[in-house]
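For reference, positions follow the sequence shown, starting with 1. Only heavy atoms go into these numbers, but all of them, side chains included; no hydrogens, no water, no symmetry mates.
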Amino acid sequence: MSASKYTLQCNSHKCRAKLSGFAWVTACSHVFCDHHGSEAFSRAPSICPVCSTMLSGKLDVLRTELAPSEQYKAMVLVGLQPETVLEISHNALVFWTYQVNQERLLMEYNLSRAGGQVLQMEKFMTQQNQSRELELNALRGEIASLKKLLEEYKLKYNEVLERLNERNRQYQKLQRLLDSLRMHTLGMEEKDPTPPTFPTGLVKQHSPHSSPSFLGPEVDRFFSLGPDNAKTFFQFSTPTRDRTHSFIKKN
């Protein structure tokens with residue numbers, strides 16, 4: 001970093017702003033912005049906010065102008081011995097070098113801490129990637145099983161659909177058969193307009209010895225006996241009464 005391009009920054013860790021206008025410098029080689037310097041050194045005894053050095057001397061803390069006028073620069077060292085001028089310049093350069101080195105150390109520290117954070121983030125991201133990869137593998141397995149299950153359901157669906165189509169074909173076949181039977185029945189009724197006869201319980205006998213048609217074959221045997229046999233069938237023998245015993249007493 002070029003010294004001519006470097007700009008002093010407030011040494012307060014709360015500020016770290018680039019300095020301009022007026023600044024507060026200390027004998028312990030620290031510098032603060034006008035706001036934080038006025039706040040820190042407004043009471044006595046003054047203590048450096050950075051290193052906690054006691055600043056009890058009259059010139060241990062100084063408010064200085066960072067961009068002095070040309071007239072000030074022309075007259076500030078006039079009349080001093082060269083040794084004094086060199087000593088003042090040396091102290092000013094030591095202060096400047098210290099600030100540059102402190103800024104470099106701070107930047108290195110921040111860089112190191114950022115590097116550690118990057119490593120932690122990389123480790124965390126690696127763990128997250130591994131975890132996500134495991135989850136993805138599990139999801140892929142679930143998707144594969146679901147696809148297999150879907151194929152099974154498709155086969156079952158096709159089987160059920162085929163059965164349904166077969167039932168529909170059978171139903172249509174039965175429906176056509178029913179329609180043809182209805183048409184046939186209607187055609188027979190048109191050809192034979194005789195109203196249908198219904199049984200009334202009175203059956204006309206075709207022969208004196210034939211049984212009604214609704215009685216069945218067992219009754220036919222009864223009616224086929226003939227008059228003589230029927231007479232014999234209906235003839236009962238009266239038991240012989242004992243004349244000596246009468247049901248009615250005669251007076």
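Formation of a donor-acceptor pair under 3.5 Å by the Ser131 side chain with backbone atoms of Gln127 is not found in this model. Under the 3.5 Å distance criterion, the side-chain polar atoms of Ser52 are left unmatched by any main-chain donor or acceptor of Pro49. Asp60 places a side-chain N or O within 3.5 Å of a backbone atom of Gly57 that can act as its donor or acceptor partner. In this structure, the side chain of Thr97 engages the main chain of Leu93 through a donor-acceptor pair within 3.5 Å.
When side chains are defined from C-beta on, Met125 does not count as touching Glu122, because their heavy atoms never get closer than 4.5 Å. Looking only at side-chain heavy atoms (C-beta outward), Cys48 and Leu55 come within less than 4.5 Å of each other. Contact annotation: the side chain of Trp24 approaches that of Asp34 to within less than 4.5 Å [non-hydrogen atoms, C-beta and beyond]. A 4.5 Å side-chain heavy-atom check between Thr7 and Leu19 finds every atom pair outside the cut-off. Using a 4.5 Å heavy-atom threshold, the side chains of Arg16 and Cys10 count as separate. With contacts defined as side-chain heavy-atom distances shorter than 4.5 Å, the pair Val94/Ser29 does not qualify. The shortest distance between side-chain heavy atoms of Phe95 and Val25 falls below 4.5 Å. Between Phe41 and Ile47, every side-chain heavy-atom pair lies at or beyond the 4.5 Å cut-off.
Distance check, rounded to the nearest 0.5 Å: CG of Asn168 to CZ of Arg163 gives 14.5 Å. Atom CG in Leu59 sits 12.5 Å away from atom OG1 in Thr26 (nearest 0.5 Å). For the atom pair CG of Leu149 and CD of Glu151, the computed distance is 10.0 Å after rounding to the nearest 0.5 Å. Atom CG of Leu181 sits about 13.0 Å away from atom CZ of Arg176, to the nearest 0.5 Å. The structure places OH of Tyr72 at 8.5 Å from CD of Glu65, a figure rounded to the nearest 0.5 Å. Considering CD of Gln128 and OG1 of Thr126, their distance stands at 10.0 Å, rounded to 0.5 Å.
Between Lys156 and Glu159 there is no salt bridge, since no side-chain nitrogen of the basic residue lies less than 4.0 Å from a carboxylate oxygen of the acidic one. In this structure, Arg104 pairs ionically with Glu108, as a charged nitrogen and a carboxylate oxygen lie closer than 4.0 Å. Ion pairing between a basic and an acidic side chain is recognised when a charged N comes within 4.0 Å of a carboxylate O; Glu142 and Lys147 show no such pairing.
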| Tyr98 and Gln102: CA distance, side-chain angles, deciding distance, side-chain contact (heavy atoms from CB on, under 4.5 Å) verdict | CA-CA 6 Å; Tyr98 175 79; Gln102 290 296 313; 3.3 Å; yes

| query | What's the verdict on salt bridge (Lys or Arg N to Asp or Glu O under 4.0 Å) for Lys73 and Glu70, showing C-alpha distance, side-chain angles and the deciding distance? | reply | CA-CA 5 Å; Lys73 289 187 288 184; Glu70 295 295 330; 3.1 Å; yes

| task | Could you walk me through whether Leu178 and Leu174 pass side-chain contact (heavy atoms from CB on, under 4.5 Å), step by step? | result | CA-CA 6 Å; Leu178 178 61; Leu174 292 174; over 6 Å; no

| message | Walk me through whether Glu87 and Glu83 qualify under side-chain contact (heavy atoms from CB on, under 4.5 Å). | response | CA-CA 6 Å; Glu87 185 177 357; Glu83 294 82 1; over 6 Å; no

| said: Set out, in order, the CA-CA distance, both residues' side-chain angles and the distance that settles salt bridge (Lys or Arg N to Asp or Glu O under 4.0 Å) for Glu162 and Arg167, then state yes or no. | reply: CA-CA 9 Å; Glu162 184 64 27; Arg167 294 291 188 276; over 6 Å; no

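Between the side chains of Gln99 and Asn11, at least one donor N or O lies within less than 3.5 Å of an accepting N or O. For the residue pair Arg140 and Asn137, a side-chain donor N or O sits within less than 3.5 Å of a side-chain acceptor on the partner.
For CZ of Arg169, the number of neighbouring non-hydrogen atoms (other residues, nucleotides, ligands) closer than 6.0 Å is greater than 12. Crowding of Gln170 atom CD: a count of heavy atoms from other residues, nucleotides or ligands under 6.0 Å exceeding 12.
Cluster membership check: Trp96 shares its hydrophobic cluster with Val31, using side-chain heavy-atom separations under 4.5 Å among Ile, Leu, Val, Met, Phe, Trp and Tyr. Under the 4.5 Å side-chain heavy-atom criterion for ILVMFWY residues, a single connected hydrophobic cluster contains both Val61 and Phe32.
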